[in-house]
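Accompanying notes for the structure given below.
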Amino acid sequence: MKKNSVLITIAAAVACLLGNACRHDPLTPLEDAPTISFKDDVQPIIISNCTQAGCHGKDGREFTLISYNDIAGHVHAGSPHGSSLYKAITANAIGTMPPSPNPRLTDVDIKTIYLWIAQGANDN
């Protein structure tokens with residue numbers, strides 16, 4: 001398990017050096033992080049920030065982000081940085097979600113989504 005935490009810390013440092021959302025990568029070793037629940041932790045974040053009218057709700061322009069299957073289609077389980085959902089919520093330029101004038105997700109919300117994806121993006 002220690003090897004995984006070293007790899008996560010190294011990955012976070014490399015991402016920071018490359019300018020990829022370093023403020024969001026948790027420095028806590030993955031095995032020490034709390035287990036993130038889709039139903040209790042992730043889905044409420046997505047519903048409250050991404051499903052407004054005209055965004056990713058039932059009338060979503062491009063796609064919806066309501067159910068687990070909707071959201072799981074935009075993540076690569078175990079790889080936050082390989083997931084389009086994580087990339088969209090941590091982008092520092094055009095394409096950042098949610099779009100302006102909506103506020104960006106909090107660091108806590110982003111870390112929660114990061115950990116959920118890193119833990120395997122389970123439907124729990």
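The model shown is predicted, which means the values in this text are computed figures rather than measured ones.
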[atom1] of [X] to [atom2] of [Y]: how many Å apart, nearest 0.5 Å?
{"X": "Ile117", "Y": "Ser83", "atom1": "CD1", "atom2": "OG", "result": "4.0 Å"}
{"X": "Ile110", "Y": "Leu115", "atom1": "CD1", "atom2": "CG", "result": "12.0 Å"}
{"X": "Ile89", "Y": "Arg104", "atom1": "CD1", "atom2": "CZ", "result": "9.0 Å"}
{"X": "Gln43", "Y": "Ser48", "atom1": "CD", "atom2": "OG", "result": "10.5 Å"}

Item to complete: Tell me, please, which residues at least two apart from Asp70 pass side chain to side chain donor-acceptor pair (under 3.5 Å).
Response: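 If we apply the side chain to side chain donor-acceptor pair (under 3.5 Å) test to Asp70, skipping adjacent residues, the hits are Thr64, Ser67.
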
Practice prompt. Could you tell me which residues satisfy side chain to side chain donor-acceptor pair (under 3.5 Å) with Asp109, sequence neighbours excluded, listed by chain and number?
Written response: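 Asp109: side chain to side chain donor-acceptor pair (under 3.5 Å) contacts with Thr106.
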
Discussion item. Side chain to side chain contact (heavy atoms under 4.5 Å, CB included), that's the test. Do Thr90 and Tyr114 meet it? Break it down for me.
Written reply: CA-CA 10 Å; Thr90 59; Tyr114 177 97; over 6 Å; no

Item to complete: Among Val42, Asn122, Thr112, Asn124, find the residue that satisfies the side-chain contact (heavy atoms from CB on, under 4.5 Å) test when tested with Ser37.
Response: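 The passing option is Asn124.
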
Tabulate below the donor-acceptor pairs under 3.5 Å that side-chain atoms of residues 71-79 make, not counting sequence neighbours, or state none.
unit_1, atom_1, unit_2, atom_2, d
Ser79, OG, Gly82, N, 3.2

Item to complete: If the plane angle is over 60° it's perpendicular, under 30° parallel, otherwise tilted; pick one for Tyr68 and Phe38.
Response: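 The rings of Tyr68 and Phe38 stand perpendicular, inter-plane angle above 60°.
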
Worksheet item: Under 3.5 Å, is there a donor-acceptor pair between the side chain of Gln119 and the main chain of Pro34?
Response: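 Yes, Gln119 side chain to Pro34 backbone: donor-acceptor pair under 3.5 Å.
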
Discussion item. Under the criterion side chain to side chain contact (heavy atoms under 4.5 Å, CB included), I'd like the reasoning laid out for Ile46 against Leu85: C-alpha separation, chi angles, the key distance, then a yes or no.
Written reply: CA-CA 10 Å; Ile46 301 296; Leu85 174 67; 4.2 Å; yes

Discussion item. To check you understand the geometry: which heavy-atom pair defines the closest contact between Lys87 and His81, and what is its length?
Written reply: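 Heavy-atom minimum between the residues: CE-O, 2.8 Å.
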
Practice prompt. Go through the steps for Ile113 and Leu105 under the test side chain to side chain contact (heavy atoms under 4.5 Å, CB included), then give the verdict.
Written response: CA-CA 10 Å; Ile113 292 170; Leu105 272 64; 3.8 Å; yes

